[in-house]
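Working notes, beginning with the structure itself.
The structure displayed is predicted, hence computed values, not measured ones. Chain naming here is simple, since letters A, B, ... match the order of the sequence lines and numbering starts at 1 in each.
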Amino acid sequence: MSNAASPVQLALQRMLSKTSIRLGLAILAFFAVLAIFAPFFVSETALVWIDDGGISFPILLDLFNRNIYEERYDVFFNCLAVFSPVSILMYLLLRKYTMWGQGRITLLLAASNVLLWVAVQIPYHHSADGLVGFWRPRAVTYCTASFHQRTTSIDPTQYWDHAQRGDTVRHVNGTVYTVHHRSTSKHMLACRPYGEHGTPLEFIPPTKLSLLSPSLTLFPLIANSHRMHYQDAVLKDPGTFCNTTGQSFILGTDEAGRDVAARMVFGARISLTVGFAATGLALFIGLIVGAISGYFGGRVDILVQRLVEIMMNFPTFLLALIIVAVWGKDISTIIIVFGVTGWAGTARLVRGEYLAQAGREYVLAAECLGLPKWRIMFIHILPNVMTPLLISAIFGIAGTILGESGLAFLGLIDANTPSWGLVLNEARKHTEYIHLVYTPGFAIFALVSALNVVGNGLREAFDPKSEDATNQQPVLQSSDHRTKQANPTTMLSFNDIHIRFEQGGQAVNAVRGMSFDIQSGEVVALVGESGSGKSVSALSSLRLLDTSGAVYPTGNIVWKGENILAMSDERLRRLRGNEISFISQEPMSALNPTWTCGRQVAEALELHTQLTPDAIYTRCIELLNAVGLPDPEQRYEQYPHELSGGMRQRVCIAIALACDPDLLIADEPTTALDVTVQAQILDVLKELQRDRGMAILFITHDLGVVAELADKVVIMWRGEKVEEGPVTDIFAHPQHPYTKGLLACRPRLGQNTKRLPTIDDFLET
Amino acid sequence: MIPTMVGILLITFAVVRLRAPGLYEEMAASGQSAGERKADAKLANIRSYLGRFKRTGNDLPAVLNTRVWIEKDDVIENLWMLEKGEHATLPAGDRGRAEVELYLKGRAYVIPLLEVLEDETLTELHAPASEALTICAFTPTNIEDYAKEQERQRIVSRNQLLEKCAIEFINTQEDGYLCVDEQYQTKRQKLIEIIRNEESAFSYSTAGKIGATFSETGFVSIMGKLFSGTLYSHMKQQFVFAIIADRWFITFWLNIMAIILAWGIAVPLGIRAARKKGSLEERATGGALMLLWSTPEFFLGTILLVHLCTDSSYGQEIFPSKGLTSDDVWMSTPAFLWDICYHSFLPLIVLTYNSFTVLSRYMRGQLLGELSSDYVRTARAKGASEDQIVYGHSLRNSMVTMITLGSGLLASMYGGFIFVELIFNIQGLGTLLLDAALTADAPLIMGSTIVSVGLLLISILVADILYAVVDPRIRSQYV
């Protein structure tokens, strides 16, 4: 395999190959762009304005106008709007003309953005006139009147009928004003001096005004403000045209006369701000608490775990609700509340990861170097827990966004914030206007499901085990369907069998071209080191690997003239346990923990015989007795966890022997047991084999066992058979270098070797 | 379990307590304490607030009561501090607050104040001390504290008697404390007599002081009320548990039904998904569940409300949008059951869909894990069919996780109730908590919290029992 792509890159590639995840990422990007560039989509300020004075871009100057964008997060996003294109450009330039690394450039740009944000904040201070400072709005807000639709020369006497909010007008005395609204009661126009936002309105008779007009204007797509209450446009359906502004409301208006579409766009800012900031805070707290708890352990750990337990058990949303209701409904409270209530899950995750990492060699090495603890915790271990943390963070963001919208839906957010949930809240009262339901609802739904899909995709990509063990049907492409069996006493024969595992796009050839026969009544030992394919071969003879994604491209396994690989499920079930049975390597996990041992033995009999329940019970007791379990009646009623490993393995043997099989496949039945128990189990097997005359396929890497038990030996190495023959021949005259090596590697009593040879000493590489 | 419960209650208490307005703020808010006012107006006022404060435990320090260690000298200093004359140390603006704080100290200050009053050398302080004394020794007569009305009336008349004994005085810039009462001595003697009679109720032994430091606190006081059931909501003018008792059935019914439904749908769905793993059907269902999982409860709820519960151009009133039962009280039992099912149909949909999507995902994952385990291989080697393996062997083993998640539902659904009850106009515990939070009604918040904590404890208990039923390994630890 090439080293070109790191595991992370591979995982990301795997993730991006799915359409759903690409769609999710696209939706996220859409919302991010919407949030960052919101003023360019929704604003009363013109994007481009050309008049006698030349061309200007009013929107750029308005981005830092505190009268329009007073919230801190708005200013932050506006900074991003200006800075992100600049930074992309700078990134490309720096990549091209400097030798700096990716990380350094990213860091530099991120730092500059934060600096810009801070710089924008600083010069503000409050005074009697409101906000003043360096960023005091010097620009003019060019408002949204559709001048180009009207004639520029309106008779001043008729101007009253045509005046619209945002018109730029010149007073007879020369001052330039912006029209705010028509005052119906006084028959006057409420105007403000051109560009002076905070100043009081002046009421001027329309006869004293003349209209100024630009030659070309370009307004944003939605030329309405997200905060303005349009008095004569309360609860309008989508597409309604508004006479005061000369604009239509694409998605209608809410009960306060605000443009729903505008609120949606700015709502993305709220959702993303709360989602990211609160999750960031929760991650920060959780990371520190979890790292300390997991790395130090002991009493600190117990204390912290208790706290985490309390926080995990507490219905977080309720706590958030209580805090927000009691403490205040502004965005920063909500961020802090979700941050402070949401850290427990992260802490638990990080603690678990740290506990797992704390004993690793690299951590010990770092400790031996005498590095300070914080450095080990956050510089050495942290990168290794980043992936699970990132995944949980994405789900955390989705959860927080849901939480924020939920709070807003309950009315627990400042009524002036353009939060999505707040619009949905109004829908509850005004059921006639379904745009109030679906617009915010779908916005929340799209953002949250996109996050969930991406989070899920990440999880699957980094942990292929969890999802990708696909339940493929075995591909039986046996080219050779002839059931070749020369010797009539041959029971099972492997004919040039290939076994391959396919998982997550990667294929592993476990067995390559393996052939051997088992005669009836014969004990065959299948010997080889771990990973040589011996267990896989054995399991294949019962087709127990089908669910693990095993594929058999060529060859076949023949049982008394039938090809096992081509058997129907029904026939296979009758074969399993009845004609061929199986004992596994792990007695500790091979029994169902929720069934009594007796029931598990009885099940085999129920499946393959027609015996009455009483007869089955008697037979079970016999079997348990036969495998050497003392007190079989009592064992019958006991659960596996009440027995020792040796006893469990005896129960497994009893299950395997229940139906008097012709062949018993024993997959390293003694490996997991201690030496004395091993000997007892082998004795039991030997005795039973002698009494019943069944064949055994014995898989092992213990040559002592082979010598004691087997008639024939098959040696496997790296998925291939290297040697086969009667046990005495193999031990006396090994042919293959691997076999020689295997035999020489046995430690022998009374022989004083300096070093025990290993297999590699006998194989030229 | 118990520490968890205490922890949760402590957190809620802290949240409510940290933001609770002080007595002075509350009085200022109701416009009674601003500026100079007559002494008796202030006193009467303070007394009416004291009762309310006692209800929330806000008259006591939050978790540590150091007042019991106060001595006579501290009190003298305290009284001088409030003077406007030559001893004044406080700026005028803070004096009102400091006065209120002094009056709020309650029983711990009674004996030191009495000693000041008895001290013949401190004549100047007698009048202010008597005023402080009458308030500190004042016993609030909240109706919830008295089982018998006569007993309460006795305390009321005792309070009135006490009130009359306050020596009138003025506090001026030029002269400081100035007694203006003609009956100065008689009132003083009378007051000393009354308090001396009740001395045992106000004095502490050293051990008593140590005990009171920890026990006479806001937290202990409200916990005591919580567990004795005497928590009283001032805003609702009712006992908290009476309010909860009125509404618990609705929440209980919805909760039980929702959990049964969520389980009933999730388990078969999960099994089917696990067995059909990798098939088109499974992936389609998985995707649909994923999307359903991302749908906010309040969004789906509002959609259902708009289209199925209201008559408009977009919907028809097929289902009721108000309450959980009809107003008709004379229904036969079958009719009542039908009525409640009909009313709770939509709320249940909104409550369950989120849970069963999560549950079925876990069910699928868990079952898949079990199906690849060793004992399943043994069963396959025995010749058991897939049905026997899934239902006979694996299902029971995968139940432990499902029980954990299911029990978590009981408590976590509480959040969902708020939305459902708000949308469908149901007067249950969810809207109660929302109301309580919005009006900052501390006793009601604590009451609602204990209900959710109670649900949590019940669910942990039920889960523990179910674990033992399902898994013999866990059972053997107890039997």
remark   = The interface call for S372(B) against chain A, heavy-atom contacts under 4.5 Å, is neither

ask   = Checking T449(B) against chain A: side chain, backbone, both or neither under 4.5 Å from a heavy atom?
value = side chain

inquiry  = Could you report the tightest heavy-atom contact between A384(B) and E603(A), atom names first, then the distance?
reply    = CB-OE2, 4.0 Å

ask   = If you count the non-hydrogen atoms of other residues, nucleotides and ligands that lie under 6.0 Å from CD in E317(B), is the total more than 12?
value = yes

remark   = So, the part of H608(A) with a heavy atom under 4.5 Å from chain B: the answer is side chain

note = Under 4.5 Å to a heavy atom of chain B? For I655(A) that would be side chain

request  = Indicate yes or no: at least one non-hydrogen side-chain atom of V306(B) is less than 4.5 angstrom from one of L436(A).
outcome  = no

query = Which bit of S373(B) is near chain A, if near means a heavy-atom gap under 4.5 Å: side chain, backbone, both or neither?
reply = neither

remark   = One should read off an interatomic distance between L422(B) CG and N425(A) CG, to the nearest 0.5 angstrom, of 7.0 Å

message = Need one label for L591(A): side chain, backbone, both or neither, based on atoms under 4.5 Å from any heavy atom in chain B.
response = backbone

Contacting region of A442(B) [heavy-atom separation from chain A under 4.5 Å] = neither

query = At a heavy-atom separation under 4.5 Å, does I11(B) approach chain A through its side chain, its backbone, both, or neither?
reply = side chain

ask   = In terms of heavy-atom pairs under 4.5 Å, which option from N397(B), T439(B), T310(B) contacts chain A the most?
value = N397(B)

inquiry  = Measuring only between side-chain heavy atoms, which start at C-beta, is S452(B) closer than 4.5 Å to L318(A)?
reply    = yes

query = Given a strict heavy-atom distance threshold of 4.5 Å, which part of F445(A) is in contact with chain B: side chain, backbone, both, or neither?
reply = both

remark   = Okay, S20(A) and chain B: the region with an atom under 4.5 Å from a heavy atom over there is neither

inquiry  = Between Q600(A) and Y375(B), is there a side-chain heavy-atom distance shorter than 4.5 Å?
reply    = no

ask   = Which answer fits V470(B), side chain, backbone, both or neither, if we ask what part of it has an atom under 4.5 Å from a heavy atom of chain A?
value = backbone

task = With a 4.5 angstrom heavy-atom cut-off, could you sort out which part of R428(A) is near chain B: side chain, backbone, both or neither?
result = both

ask   = Is the distance between the ring centroids of F299(B) and F409(A) under 6.0 Å?
value = no

inquiry  = Counting heavy-atom pairs closer than 4.5 Å to chain A, which one of L438(B), I303(B), L371(B), L305(B) comes out on top?
reply    = I303(B)

task = May I ask you to check whether over 12 heavy atoms, not counting those of R272(B), lie within 6.0 Å of atom CZ?
result = no

key: Between CD1 on residue I8(B) and CD on residue E309(A), distance to nearest 0.5 Å   = 9.5 Å

message = Under a 4.5 Å cutoff for heavy-atom pairs, which residue among N452(A), I323(A), I665(A) has the most contacts with chain B?
response = N452(A)

remark   = What one should report as the nearest heavy-atom pair of L542(A) and A381(B) is CD1-CB, 4.4 Å

ask   = Which one, D311(B), I418(B), D471(B), leads in non-hydrogen pairs under 4.5 Å with chain A?
value = I418(B)

inquiry  = What part of L607(A) gets within 4.5 angstrom of chain B, counting heavy atoms only: side chain, backbone, both, or neither?
reply    = side chain

key: chain A contact via Q388(B) - side chain, backbone, both or neither, heavy atoms under 4.5 Å   = side chain

query = What's the verdict on side chain to side chain donor-acceptor pair (under 3.5 Å) for S584(A) and D374(B), showing C-alpha distance, side-chain angles and the deciding distance?
reply = CA-CA 8 Å; S584(A) 86; D374(B) 271 3; 4.8 Å; no

ask   = Does CZ belonging to F395(A) count more than 12 external heavy atoms closer than 6.0 Å?
value = yes

ask   = Who among C309(B), G392(B), S394(B) has the most heavy-atom pairs with chain A under 4.5 Å?
value = G392(B)

query = Is there side-chain contact between W595(A) and H393(B), with heavy atoms separated by less than 4.5 Å?
reply = yes

task = Quick one: pull up OG1 in T594(A) and CD1 in I474(B) and give me the separation to the nearest 0.5 Å.
result = 11.0 Å

request  = Working to the nearest 0.5 Å, report the span between CD1 of I401(A) and OG of S294(B).
outcome  = 11.0 Å

ask   = So how far is it from L412(A) CG to L434(B) CG, rounded to the nearest 0.5 Å?
value = 6.0 Å

task = Name the option with the most non-hydrogen atom pairs under 4.5 Å to chain B; the candidates are S405(A), G328(A), G399(A).
result = S405(A)

inquiry  = Heavy-atom pairs under 4.5 Å with chain B: which of L447(A), L544(A), I444(A) has the most?
reply    = L544(A)

ask   = Are I445(B) and V326(A) close enough that some pair of their side-chain heavy atoms sits under 4.5 Å apart?
value = yes

ask   = With only heavy atoms counted, which part of E642(A) is less than 4.5 Å from chain B, the side chain, the backbone, both or neither?
value = neither

inquiry  = Can you tell me which portion of A398(A) sits under 4.5 Å from chain B's heavy atoms? Options are side chain, backbone, both or neither.
reply    = neither

query = Taking all atoms of both residues into account, what is the closest heavy-atom pair of F298(B) and G406(A), and its distance?
reply = CE2-CA, 3.4 Å

task = Give, as side chain, backbone, both or neither, the part of L451(A) having an atom under 4.5 angstrom from any heavy atom of chain B.
result = neither

message = Determine whether W327(A) and L18(B) satisfy the following criterion, side chain to side chain contact (heavy atoms under 4.5 Å, CB included), listing intermediate values before the conclusion.
response = CA-CA 9 Å; W327(A) 287 42; L18(B) 284 174; 3.7 Å; yes

task = Provide the closest heavy-atom pair for S449(A) versus L291(B) in the form atom of the first, atom of the second, distance.
result = CB-CD2, 4.0 Å

message = For the interface with chain A, which of E297(B), E386(B), H307(B) has the highest count of heavy-atom pairs at distances below 4.5 Å?
response = H307(B)

ask   = Between G287(B), G7(B), P296(B), which has the largest tally of heavy atom pairs under 4.5 Å with chain A?
value = P296(B)

ask   = If every non-hydrogen atom of P593(A) is compared with every non-hydrogen atom of P472(B), which pair is closest and at what distance?
value = O-CG, 3.1 Å

query = Relative to chain B, which of S589(A), C652(A), A325(A) shows the most heavy atom pairs under 4.5 Å?
reply = S589(A)

query = Shortest non-hydrogen contact from Y314(B) to E432(A)?
reply = CE1-O, 3.0 Å

message = Please tell me whether F419(B) and F317(A) form a close aromatic pair, meaning their ring centres lie under 6.0 Å apart.
response = yes

query = Given R377(B) and F582(A), is the side chain to side chain contact (heavy atoms under 4.5 Å, CB included) satisfied, shown in steps?
reply = CA-CA 9 Å; R377(B) 198 168 66 186; F582(A) 174 78; 3.9 Å; yes

query = With only heavy atoms counted, which part of L539(A) is less than 4.5 Å from chain B, the side chain, the backbone, both or neither?
reply = side chain

ask   = If you measure from CG on L321(A) to CG on L433(B), what distance do you get to the nearest 0.5 Å?
value = 6.0 Å

message = Can you tell me which portion of M311(A) sits under 4.5 Å from chain B's heavy atoms? Options are side chain, backbone, both or neither.
response = side chain

